[in-house]
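I have placed the structure first, in the form of C-alpha cells, so that the comments after it can refer back to it.
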Number of protein chains: 2
Amino acid sequence: MPPRTEPNPIASVWAREQRSPDQPALSRDAIVREAIAMLDADGIEALSMRKLGARLNAGATSLYRHVATKDELMELAVDEVAAEIHVPDADASDWRAAVTEAAASFRTTALRHRWLSSVLGQAGLAYLGPNLMSFSERLAALFTAVGFPEPSGAIDAVLSYTIGMSTTEAAWLTTVARSGESEGEFIARLMPAAQQAAAGHAHLAGSYAESAATTTDPVALRDGKFAYGLEVVLDGLSLRLTR
Amino acid sequence: MPPRTEPNPIASVWAREQRSPDQPALSRDAIVREAIAMLDADGIEALSMRKLGARLNAGATSLYRHVATKDELMELAVDEVAAEIHVPDADASDWRAAVTEAAASFRTTALRHRWLSSVLGQAGLAYLGPNLMSFSERLAALFTAVGFPEPSGAIDAVLSYTIGMSTTEAAWLTTVARSGESEGEFIARLMPAAQQAAAGHAHLAGSYAESAATTTDPVALRDGKFAYGLEVVLDGLSLRLTR
DNA sequence: TCCATCATGCGTACAGTGTTCGCATCGAAG
DNA sequence: CTTCGATGCGAACACTGTACGCATGATGGA
C-alpha cells in the first residue's frame, strides 16, 4: 500500500487549479449537499468530518472554513431537507385534504431522510432556519384560514402525532436496513423472539399471532396505520371547528 | 466528595443486598443504575464508558464483563426507565381518565429522563425488554377492555401523539438546560432572534408577539398544550367507540 | 490441604472522532 | 509587482468504544 492516497497528483502540476470544471470548490452548499447524501446513504453514525472531507476531495479540517462545527452542519442539513416538506396553500377549500397532504409530506421526507428524526429528537425544533420557518408559517396560515379557535393548539396536535409516528417508523426502518434484509424478511426473523418475549402477555401474544397470520405488505400496513391515526386526530379537530 | 452517592442507602442494606458492605461489586444492575443517574444528570453525550467506570470505582473496560456493548447498556437503561410508566388497570370505568393517566405518565418519565427520546428516536421500539413488553401489554389490555374496534390503531394514535409531543418537549428542555438559564430567561433571550427570523412571516410574527405578551408560566403552558392535543385525540377516538 | 478452574477486574493498545493551530498557497487589489 | 486576506491542509490534542491478554482471588474437587 502506498503511504498515502493522493487525490490529484498530476492535475495540480500542469493545470494549477482545476476547481472550475468538475469540482465545485468546497462551498458551504456543496458541503451540506454531500453531507445529506452521506446521511441518506449510510445513516447518521457513518458521517464524520474526515469521511465527508474525503468525499469532497478535501482535507478533513478544510470544512471548518465554511462550517463552524459539526452540529451547525447538521442544523444546515435539517433546514435544507425541510424544504422538501410541502404544505398546501391556505385557501384550500378542503382543509382535511390539505392537512393530510402536509402531514403525509412530512412523513415522506422523514422516511426519505431517516436521520432527520434522530437529529430533531436530540436538538429539537429551536432551529430557526429559513426553510423550517416558512414551513411553520405555511402551517400557521393554513390552520388560521381554516378557522380553528386555537390554531397553534391544532397545529401542535397534528404535528406531534405526525412527528411521533414518523420517528417511530424511521427508527424501525433504520433497524431493518441495518440487518440487510427486506422488511418482510426481518419481521419473519424477529417473530420468534417477539413471540417468546410476549409469553405471559395475553394481548401481545394475540396481536402477534394475528399479525403473523396476515400476509399484507408491510409498507401498506404502515401507510394504513398512519392514515388511521391521522383521521382520528382530524376528527377530533373537526369537533372543535364546527360549533 | 465521597466516592459515590447512593440513592437509597438504608433499604438495600438490611433488605436484600448481600454484597460486601463498601463496594457494590460491579453488577449489571449497578452499572445500569449508575448509567441512568449520569444520563439524567449530565445528558446523553456526557456518558462514556470511562466516566461510568470511574463513577463505579472501576476501570473503564471492566464494565464489558457485565454488558456486551454500550448500545446494549442503553437498551437496558431504556427498559429500566420504562418501568416508571404507569398504565392503569384495564377495568377502569372511565377510559378517558385511564388513557390520560397513561399518556401523562409516559410524558412525565420522558421529561424526567430527557435522553429517553433521543435513544428511542435512534433505535426505535424494537427493544423487547420485559418492562417495555409489559407496558405494551397493559396498554393493549386497557384499549381492548374499552372496546375499540381497532385497538392497535387506537394505541398507535395516542402513543404517537404522546411520543411526538414528549420528544419535542424533551429536546426543548435539553436545549434550555444547556444554556444554564431558566426556561423563562431562555425564552426571553431567544425572542429577539426568533422575531427577526420571523420577519416576513405574518402568522409567525403574530404568534410570537402574542406569546411575548402573555406572561404565563412556561411549564403550565406546556402542560396545557399537551392536554389540549390529547383531548383532540381522545375525542377522535370516542367517535370510533360509540357506534 | 493443595491444586486446578474460572469468573472478574484492569492496563494497554488500536482505530477512530471533533476540533485547534500554524503554515503554505493563491487570486485579487493597490 | 507587491501586499493581503481568504482558503486549504498536515499535525496534534483530548477524547471515544472496544479487543486482547494478563493478574488475582474465590471456589470446589481430590
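Sequence lines set the chain letters: A, B, ... in the order given, protein chains first and strands last, and positions in each chain run from 1.
- Among the nucleotides C:dG9, C:dG18, D:dT7, the one closest to any side-chain atom of B:R65 is C:dG9.
- Under 4.0 angstrom from either OP1 or OP2 of D:dG8 there lies at least one side-chain N or O belonging to A:H66.
- Counting non-hydrogen atoms under 4.0 angstrom, A:A60 reaches nothing in the nucleic acid.
- The nearest whole Å value for the distance from the CG atom in B:L56 to the P atom in C:dT8 is 16 Å.
- The phosphate of D:dC15 has neither OP1 nor OP2 within less than 4.0 Å of any side-chain N or O from B:K51.
- Counting to the nearest Å, the C1' atom of D:dT16 and the CG atom of B:L52 are 14 Å from each other.
- The shortest distance between the side-chain N/O atoms of B:S62 and the OP1/OP2 oxygens of C:dC10 is below 4.0 Å.
- If you measure from atom CE of A:M49 to atom C1' of C:dT20, you get 13 Å, rounded to the nearest angstrom.
- A salt bridge is absent between A:K51 and A:E34: the closest approach of a Lys/Arg side-chain nitrogen to an acidic carboxylate oxygen does not fall below 4.0 angstrom.
- The aromatic ring centres of B:F226 and B:Y161 sit less than 6.0 Å apart.
- Distance NZ (A:K70) to P (C:dT19): 8 Å, rounded to an integer number of Å.
- Side-chain atoms of B:T61 and base atoms of C:dG11 include a donor and an acceptor less than 3.5 Å apart.
- Proximity note for A:Y64 (side chain, C-beta onward) versus D:dT18, C:dG9, C:dT19: the nearest is C:dT19.
- Rounded to whole Å, the distance from CG on B:L26 to C1' on C:dA7 is 13 Å.
- If you take CG of B:L63 and C1' of D:dC20, they are 16 Å apart, rounded to a whole angstrom.
- A salt bridge between B:R33 and B:E80 is absent, with no side-chain N of the basic residue lying under 4.0 Å from a carboxylate O of the acidic one.
- Rounded to whole Å, the distance from CD on A:E72 to C1' on C:dT19 is 14 Å.
- In this structure, CG of B:N57 is placed 14 Å from C1' of C:dC10, rounded to the nearest angstrom.
- A donor-acceptor pair is defined here as one N or O able to donate and one able to accept, closer than 3.5 Å; such a pair exists between the side chain of A:H66 and the backbone of A:L26.
- Remark: the B:R50 side chain and the D:dG17 base include a donor-acceptor N/O pair separated by less than 3.5 Å.
- Using a 4.0 Å heavy-atom criterion, one finds that A:L47 contacts the sugar-phosphate atoms exclusively.
- A salt bridge links A:E72 to A:R28: one of the charged nitrogens lies within less than 4.0 Å of a carboxylate oxygen.
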